[in-house]
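To keep things clear, I will list the structure first and then write my remarks on it.
Keep in mind that what you see is a predicted model, and the values were worked out from it rather than measured. What's counted below: heavy atoms across the whole structure, side chains too, no hydrogens, waters or symmetry copies. In the text below, chain A, chain B and the rest are named by the order of the sequence lines, each starting its count at 1.
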2 protein chains.
Amino acid sequence: MARKPSANNSGSGPAGVPVRRVPMRDFSRSLPMSLLRAREAVMRQFRPSLRHHELTEQQWRILRALAAVETIEVTELARTAFLLGPSLSRILRDLEARELIERRVAEADQRRAVVSISADGLKLIEAVAPSSEAIYAAITRRYGARKLAELQDMLHALENSLSAMEVAEEGSAEPEQ
Amino acid sequence: MARKPSANNSGSGPAGVPVRRVPMRDFSRSLPMSLLRAREAVMRQFRPSLRHHELTEQQWRILRALAAVETIEVTELARTAFLLGPSLSRILRDLEARELIERRVAEADQRRAVVSISADGLKLIEAVAPSSEAIYAAITRRYGARKLAELQDMLHALENSLSAMEVAEEGSAEPEQ
DNA sequence: GAAAACTGATTAACATGTTAAGTGGTTCGG
DNA sequence: CCGAACCACTTAACATGTTAATCAGTTTTC
């Protein structure tokens with residue numbers, strides 16, 4: 001288990017000890033990594049259930065978003081389900097082929113598409129919802145309802161903090177003239 | 001802005017009001033969604049900087065993990081960088097082609113591959129690290145160092161809670177027999 | 001010591017993430 | 001009006017996520 005000293009001196013440092021060669025925050029403690037790991041731990045609970053219904057996580061997000069409204073435009077749906085346009089386009093195409101959703105063009109503006117869930121789509125949601133809710137309840141029990149609410153608050157606060165923060169453009173490439 | 005009552009009665013409920021037609025937790029408040037949104041808010045800050053160096057988020061994770069050790073085996077690297085095997089395989093192939101990493105087979109076990117960062121790879125890290133650290137510092141300032149540490153703790157606690165939780169296999173399909 | 005079982009890594013196949021480009025439809029300025 | 005600008009959506013191209021299958025090397029078992 002102990003890392004064996006290697007004979008690889010082709011790099012730079014003295015071989016044998018795992019040194020941090022560049023001064024940098026410990027990698028595994030970075031915020032993006034923590035968020036990724038936490039999210040993966042949560043999704044690992046849900047994926048099997050979704051999989052048994054031939055649904056991906058994103059398809060499930062879309063169906064749930066659609067179940068909450070009569071109709072919705074594609075752009076608004078992308079915002080709600082937190083998907084980028086291209087992803088949403090592909091998924092809607094597939095869900096439409098499976099007849100889980102319906103789509104028509106808006107009368108007022110021919111550019112816009114209006115989406116709604118189908119009867120089959122609703123049936124599917126009703127089939128998945130119980131186990132999904134059960135899993136969520138189990139997670140809540142394990143972690144603690146109060147702690148979970150607090151975590152959500154902190155996550156939203158983080159999101160709000162950063163939304164106001166402008167992204168550095170780093171003008172070292174593509175000078176834009 | 002007010003949702004116009006639609007004439008779509010093909011579903012089930014009385015048309016006109018955006019009703020939640022299936023009893024379910026409000027979608028936008030689900031934990032996976034909160035985690036996803038928070039993570040995206042964070043990554044949005046880093047992506048431009050990485051992009052200027054022709055690096056994806058995952059490639060950056062791998063280079064950073066490699067910079068902390070002399071050598072590492074692929075499986076261990078996957079665990080450290082939190083990537084699945086297939087993703088890692090592809091990325092290592094590309095990074096090797098760009099000569100940012102080096103790879104050789106382990107002497108003791110010909111199945112295993114041992115990876116290390118190259119001199120060019122180290123130079124690249126040194127080029128990216130400053131702005132990366134600056135962004136992280138800015139995020140910390142905005143959100144608050146103490147709050148950030150607390151959030152990390154809660155995320156790790158969540159991860160630990162769920163790792164002990166076994167995933168339901170839901171025997172409704174593929175009876176396994 | 002060879003077949004069976006196992007293991008580390010890669011490849012395959014399909015779905016999504018991400019950015020850029022394309023395609024119609026709509027609005028605006030002259 | 002009519003061409004330029006804009007807008008909603010889709011397509012394209014490439015990278016990663018995810019599961020299953022494959023492949024070579026190693027260990028187990030009889």
What is the distance, to the nearest angstrom, from the [atom1] atom on [X] to the [atom2] atom on [N]?
| X | N | atom1 | atom2 | answer |
| --- | --- | --- | --- | --- |
| A/Leu50 | C/dA15 | CG | C1' | 14 Å |
| B/Leu55 | C/dT19 | CG | C1' | 16 Å |
| A/Phe46 | D/dG17 | CZ | C1' | 19 Å |
| B/Leu77 | C/dT10 | CG | P | 11 Å |
| A/Glu76 | D/dC7 | CD | P | 17 Å |
| A/Arg104 | D/dA8 | CZ | P | 18 Å |
| A/Leu36 | D/dT16 | CG | C1' | 12 Å |
| A/Glu40 | D/dT16 | CD | P | 17 Å |

Name all residues meeting the side chain to side chain donor-acceptor pair (under 3.5 Å) criterion together with [X]; count only those two or more places apart in sequence or in a different chain, and write none if there are none.
| X | value |
| --- | --- |
| A/Arg93 | none |
| A/Ser87 | A/Arg90 |
| A/Arg141 | none |
| A/Arg103 | A/Glu96 |

*asked:* Students often get this wrong, so: under 4.0 angstrom with heavy atoms, is B/Glu54 touching a base, only sugar-phosphate, or nothing?
replied: nothing

Nucleotide N/O of nucleotides 5-8 of chain C paired with protein N/O under 3.5 Å:
unit_1 : atom_1 : unit_2   : atom_2 : d
C/dT7  : O4'    : B/Arg111 : NH1    : 3.3
C/dT7  : O2     : B/Arg111 : NH1    : 3.0

Check salt bridge (Lys or Arg N to Asp or Glu O under 4.0 Å) between [X] and all other residues, then give those that pass, not counting sequence neighbours.
| X | answer |
| --- | --- |
| B/Glu159 | A/Arg37 |
| B/Glu150 | none |
| B/Arg29 | B/Asp26 |

*Closer to the 5' end of DNA chain C via nearest nucleotide, is it A/Glu107 or A/Gly85?*
A/Gly85

_Tell me whether B/Arg79 is salt-bridged to B/Glu73, with the criterion being a basic N under 4.0 Å from an acidic carboxylate O._
no

*asked:* Please list, in numerical order, the residues of residues 56-65 of chain A that have a heavy atom closer than 4.0 Å to any atom of DNA chain C.
replied: A/Thr56, A/Gln58, A/Gln59

*Does NZ in A/Lys123 sit with more than 12 non-hydrogen atoms of other residues, nucleotides or ligands closer than 6.0 Å?*
no

_Quick check on DNA chain D: between A/Leu88 and B/Ser87, whose nearest nucleotide comes earlier from the 5' end?_
A/Leu88

*May I ask you to list the residues of residues 89-99 of chain B, by number, that have any heavy atom positioned under 4.0 Å from an atom of DNA chain D?*
B/Arg90, B/Ile91

_Could you go through A/Arg61 and A/Glu57, starting from their C-alpha distance and side-chain angles, then the distance that decides it, and tell me whether this counts as salt bridge (charged side-chain N to carboxylate O under 4.0 Å, His left out)?_
CA-CA 6 Å; A/Arg61 288 218 300 272; A/Glu57 178 198 336; 3.1 Å; yes

*Counting heavy atoms from C-beta on, name the nucleotide in C/dA20, D/dG17, C/dT11 closest to the side chain of B/Leu84.*
D/dG17

_Any A/Arg79 side-chain N or O less than 4.0 Å from OP1/OP2 of D/dA8_ = no

*Side-chain N,O (A/Arg51) to OP1/OP2 (C/dC14) below 4.0 Å*: no

*Sequence neighbours excluded, which residues qualify as side chain to side chain contact (heavy atoms under 4.5 Å, CB included) partners of A/Glu99?*
none

_Any residue meeting side chain to side chain contact (heavy atoms under 4.5 Å, CB included) with B/Thr56, in chain and number order, not counting sequence neighbours_ = B/Gln58, B/Gln59

